[in-house]
Amino acid sequence: MAFSFGRVAALSLLALGLLAQAAPADNPISPGFPIGSQKVRGVNLGGWLVLEPWITPSLFDNTGNPDIIDEWTFGQLQDRGTATAKLTNHWNTWVTESDFAQIAAAGLNHVRIPIGFWAFDVSGGEPYIQGQLAYLQKAITWARNHGIKVIVDLHGAPGSQNGFDNSGHKVSFPQWQSSQSNIDRTNAIIKKLASMFADQSDVVTMIAPLNEPAGFDGSDILNAVRQYCNTIVLLHDAFQPLSYWNGFQTAPNWQGVAMDTHIYQMFSQAEVSRTNQQHISSACSHASDLSSFDLWTIVGEWTPAATDCAKYLNGRGVGARYDGTFAGSTRVGSCTGITGKSSSFSASYKTFLRQYWEAQTITYEKGAGWIQWTWKTEQADDWSYQAGLAGGWIPQNPTDRQYPNICG
């Protein structure tokens with residue numbers, strides 16, 4: 001079943017470079033960025049309008065309540081006024097126009113901005129605190145001022161589409177797909193986003209409808225995603241191989257559709273057990289799939305970090321597989337000197353970070369481009385583009401290469 005939009009909503013989506021209905025082959029869209037002929041090179045503004053404990057652990061630690069583990073509990077389990085004040089200060093300070101100036105100076109052309117459904121709708125009685133939309137609007141202005149394009153990413157949906165804390169609500173099993181009401185609310189929010197930015201398609205070039213829906217949790221979610229994704233351009237692969245989506249919304253019957261895939265190498269015991277060279281080789285191995293897939297493919301999340309050592313990366317109060325503090329894991333080594341502040345990083349480790357960063361950017365540009373996760377963190381410098389620029393393992397110009405033949 002496909003969602004049917006009215007003419008106004010459809011035109012708004014098409015004006016954004018998005019898709020509500022199949023577009024005739026002789027009427028292609030004109031997106032605000034020449035995807036396909038110019039590489040997307042960007043960074044995510046993670047942990048700003050959607051909280052993540054590992055990006056800003058102090059926000060969570062300073063509550064003094066270990067049960068506050070995500071944005072849902074941040075609003076639910078402390079004084080409402082206190083929570084609102086903390087969030088407002090965070091929104092005002094974590095990302096400012098200065099960040100956009102730095103991002104532009106680093107030669108990047110895109111930012112991806114995660115936002116949760118609760119910024120628009122808490123009609124289900126959710127305990128979230130609202131106020132994010134004014135900052136999203138500011139971000140669009142700042143992006144325009146500095147020549148940056150924006151992907152607005154709906155990072156959390158009602159019921160949680162993946163159960164992760166980064167969906168806003170950490171739960172044992174996602175519930176988004178189990179209720180048509182959840183899907184309908186999500187659809188209404190996408191329409192709202194399309195309306196908000198219909199006249200700003202020169203800056204907001206893409207809207208992503210649903211971040212990381214947990215396709216690994218079964219066919220119910222995959223069916224819901226296929227139903228829902230008939231409406232929008234930047235489709236997340238739902239943790240399925242690109243081959244799962246072969247032939248889906250391809251030209252000429254559809255115009256301007258792109259696929260978003262996320263590539264990480266630290267969320268299993270096998271991955272954290274890889275050697276540095278194995279991490280690099282695995283990154284290089286994606287070249288064929290990315291270059292041959294039948295939609296433009298953006299690697300919308302990835303990182304030069306190769307371990308799960310960052311504090312709270314697996315959830316607040318949860319340890320790391322790499323050092324054996326994650327339940328059921330087997331220790332690979334010490335996390336000392338491979339996360340935290342870069343002042344603790346050895347020269348050889350920074351060399352590896354540079355090699356791994358180059359292997360990934362070279363490979364992901366076999367597709368339509370890349371958006372690193374994430375721009376900044378409080379203390380996990382191995383994940384931070386900003387820290388990488390300062391520390392030298394990310395070049396000041398993203399096309400500079402010290403290891404141009406690293407993938408052979």
Side-chain angles (χ1 to χ4, degrees), residues 43-100 111-143 150-171 185-186 189 192-193 196 211-212 310-313 315-318 373-380 383-384 386:
V43 70
N44 286 274
L45 300 183
W48 183 31
L49 303 182
V50 175
L51 296 185
E52 298 197 31
W54 76 270
I55 296 177
T56 55
S58 70
L59 268 178
F60 290 82
D61 290 343
N62 290 343
T63 67
N65 184 344
D67 294 326
I68 296 177
I69 59 171
D70 52 24
E71 195 154 343
W72 176 289
T73 50
F74 194 89
Q76 181 186 49
L77 299 181
Q78 61 180 322
D79 175 78
R80 193 80 173 172
T82 300
T84 300
K86 290 177 179 177
L87 274 177
T88 301
N89 180 67
H90 171 68
W91 295 332
N92 278 319
T93 58
W94 186 246
V95 172
T96 68
E97 186 166 4
S98 173
D99 291 286
F100 281 80
V111 295
R112 178 172 174 260
I113 304 179
I115 194 161
F117 79 90
W118 55 91
F120 304 86
D121 174 11
V122 289
S123 63
E126 295 91 353
Y128 296 110
I129 293 165
Q130 294 183 298
Q132 298 89 344
L133 289 182
Y135 296 91
L136 180 60
Q137 293 281 19
K138 285 183 181 181
I140 306 309
T141 299
W142 298 336
V150 175
I151 299 169
V152 179
D153 162 53
L154 191 64
H155 217 68
S160 180
Q161 75 277 17
N162 54 35
F164 303 158
D165 57 12
N166 60 45
S167 73
H169 193 193
K170 187 177 183 179
V171 292
R185 290 172 71 191
T186 306
I189 290 165
K192 174 66 173 175
L193 281 170
M196 285 175 64
N211 178 66
E212 298 185 341
K311 180 182 178 180
Y312 299 160
L313 181 65
R316 187 179 182 201
V318 179
W373 191 277
T374 183
W375 171 239
K376 66 198 300 187
T377 63
E378 282 185 342
Q379 59 186 56
W383 286 77
S384 167
Q386 186 182 57

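Since we're looking at a predicted model, the values are computed, not measured.
Residue Arg112 comes nearest to Asn44 through the heavy atom pair NH1-OD1, 2.7 Å, listed as atom of the first residue, atom of the second, then distance. Between Pro53 and Arg316, the closest heavy-atom pair is CB-CB, 4.2 Å. When all heavy atoms of Ile129 and Gly75 are compared, the closest pair comes out as CD1-CA, 4.2 Å. Summarising the geometry of Ala143 relative to Val150, their closest heavy-atom pair is CB-CG2, 3.5 Å, with the distance given to 0.1 Å. Taking every heavy atom of both residues into account, Ala139 and Ile113 meet most closely at CB-CD1, 3.6 Å. The minimum heavy-atom distance linking Trp373 with Glu52 is given by the pair CZ2-OE2, 3.1 Å.
Using a 4.5 Å heavy-atom threshold, the side chains of Val43 and Val111 count as touching. Taking the side chain as every heavy atom from C-beta outward, Tyr135 and Ile115 never approach each other to under 4.5 Å. For the pair Gln386/Asp99, a side-chain contact is recorded, criterion being any heavy-atom separation below 4.5 Å from C-beta on. Annotation: side chain of Leu49 is in contact with side chain of Trp91 (closest heavy-atom distance under 4.5 Å). Trp118 is listed as a side-chain neighbour of Val50, based on a closest heavy-atom distance under 4.5 Å. Between Phe60 and Leu51 there is a side-chain heavy-atom pair separated by less than 4.5 Å.
Counting only distance, with no hydrogens or angles, the side chain of Asn92 and the backbone of Thr88 share a donor-acceptor pair below 3.5 Å. Judged by distance alone, with hydrogens and angles left aside, the side-chain atoms of Gln137 form no donor-acceptor pair with the main-chain N or O of Leu133 at under 3.5 Å. Looking only at distances, no side-chain donor or acceptor of Thr96 sits under 3.5 Å from a matching main-chain atom of Thr93. Side-chain atoms of Lys376 come within 3.5 Å of backbone N or O of Trp94 as a donor-acceptor pair.
In this structure, the separation between OG1 on Thr63 and CG on Leu77 is 9.0 Å, given to the nearest 0.5 Å. Taken from CG in Leu87 to CG in Leu59, the straight-line distance is 7.0 Å, to the nearest 0.5 Å. Atom CD of Glu378 and atom NZ of Lys311 lie 9.0 Å apart (nearest 0.5 Å). Residue Gln76 holds its CD atom at 10.0 Å from CG of Asn65, rounded to the nearest 0.5 Å. For the atom pair CZ (Phe120) and NZ (Lys192), the distance works out to 8.0 Å, reported to the nearest 0.5 Å. Atoms CD and CZ, from Glu126 and Phe117 in turn, are 4.0 Å apart once rounded to the nearest 0.5 Å.
In the model, Ser123 has a side-chain atom that pairs as donor or acceptor with a side-chain atom of Asp121 under 3.5 Å. For the residue pair Ser58 and Asp61, no side-chain donor N or O sits within less than 3.5 Å of a side-chain acceptor on the partner.
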inquiry  = Is there a side-chain contact (heavy atoms from CB on, under 4.5 Å) between Trp54 and Thr377? Walk through the geometry before answering.
reply    = CA-CA 8 Å; Trp54 76 270; Thr377 63; 3.8 Å; yes
task = Could you please spell out the steps behind the side-chain contact (heavy atoms from CB on, under 4.5 Å) verdict for Leu45 and Phe100?
result = CA-CA 10 Å; Leu45 300 183; Phe100 281 80; 3.8 Å; yes
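Ring-centre distance between Trp48 and Trp375: not below the 6.0 Å cut-off.
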